Amino acid sequence: MKEPNERYRNFFQDVYEVVRLIPPGRVSTYGAIAHYLGSKQGARTVGWAMQAAHDLRGDEYVPCHRVINRLGVLTGKQFYNPPSAMQEALEAEGVPVIDDKVQDFTQRFWDPSTELQP
DNA sequence: ATTCTGACTCGTG
DNA sequence: GCACGAGCCAGAA
């Protein structure tokens with residue numbers, strides 16, 4: 001995963017890989033992914049990566065609907081078309097969403113640093 | 001090159 | 001519990 005000679009680590013590509021590893025029915029947060037990648041507070045960059053990943057299709061597809069903020073709110077739903085697509089995608093996987101908030105967020109939270117052992 | 005913004009998060013008051 | 005400010009990184013103007 002990590003090249004020993006990489007000066008500029010592609011934050012985006014790393015984010016994509018981690019997001020792709022999120023199991024269906026589980027959700028993760030920007031901060032958790034950023035923390036797993038080494039940045040303590042680079043959560044904004046993760047969100048930016050999601051926006052860039054919005055166009056990816058096929059093998060490059062990234063389930064960005066499973067990535068939400070730390071409060072369990074679908075902050076990025078307004079970037080979907082239609083905005084309700086994100087909520088429906090989660091509910092289709094068995095994740096109940098009420099008022100743009102994921103129910104049982106703590107149980108469904110998937111932390112790569114914890115669930116994904118190196 | 002400099003400035004500003006943003007799918008975020010944390011510490012204070 | 002809520003509001004404000006600071007920190008971090010990538011891209012656009």
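Because the structure is a prediction, the values reported are computed rather than measured. By convention in this document, chain letters (A, B, ...) are assigned in the order of the sequence lines, proteins followed by strands, and residues within each chain are numbered from 1.
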A:Met50 CE - C:dG11 P separation (whole Å): 13 Å
When you compare the protein's N or O atoms with those of nucleotides 4-6 of chain B, which come within less than 3.5 Å of each other, and at what distance?
unit_1, atom_1, unit_2, atom_2, d
B:dG6, N7, A:Arg44, NH1, 2.8
B:dG6, O6, A:Arg44, NH1, 3.1

Residue A:Asn69, side-chain atoms from C-beta onward, closest of C:dG11, B:dA7, B:dC8: B:dC8
Minimum heavy-atom distance A:Lys77-A:Asp100, with the two atoms named: NZ-OD1, 3.2 Å
Verdict with supporting geometry, A:Thr29 and A:Phe105, side chain to side chain contact (heavy atoms under 4.5 Å, CB included): CA-CA 10 Å; A:Thr29 67; A:Phe105 168 68; 3.5 Å; yes
Whole-Å gap separating C1' (B:dA7) and CG (A:Leu56): 15 Å
Verdict with reasoning, A:Glu93 to A:His65, per side chain to side chain donor-acceptor pair (under 3.5 Å): CA-CA 11 Å; A:Glu93 296 179 352; A:His65 59 272; 3.1 Å; yes
Nearest-angstrom distance, P atom, C:dG5 to B:dC4: 16 Å
Residues touching DNA chain B, which here means a heavy atom under 4.0 Å, drawn from residues 100-109 of chain A: none
Closest to side chain of A:Arg70, choosing from C:dA10, B:dA7, B:dT9: B:dT9
A:Gln87 backbone acceptor or donor facing A:Tyr80 side chain under 3.5 Å: no
Separation of atom NE2 in A:His35 from atom P in C:dC9, rounded to whole Å: 14 Å
A:Gln103 side chain vs A:Lys101 backbone, donor-acceptor pair below 3.5 Å: yes
Side chain to side chain, A:Tyr30 and A:Thr45, heavy atoms closer than 4.5 Å: no
Distance (rounded to the nearest 0.5 Å) between A:Ile33 CD1 and A:Tyr16 OH: 11.5 Å
Gap between atoms CG and C1', on A:Leu90 and B:dA7 respectively (whole Å): 13 Å
Approximate separation, where rounding is to 0.5 Å, of A:Phe12 CZ and A:Met50 CE: 9.0 Å
Nearest listed nucleotide, side chain of A:Phe12, among B:dT9, B:dA7, C:dG11: C:dG11
Separation of C:dG1 P from A:Leu71 CG (nearest whole Å): 11 Å
Side-chain heavy atoms of A:Val18 within contact of A:Trp110, under 4.5 Å: yes
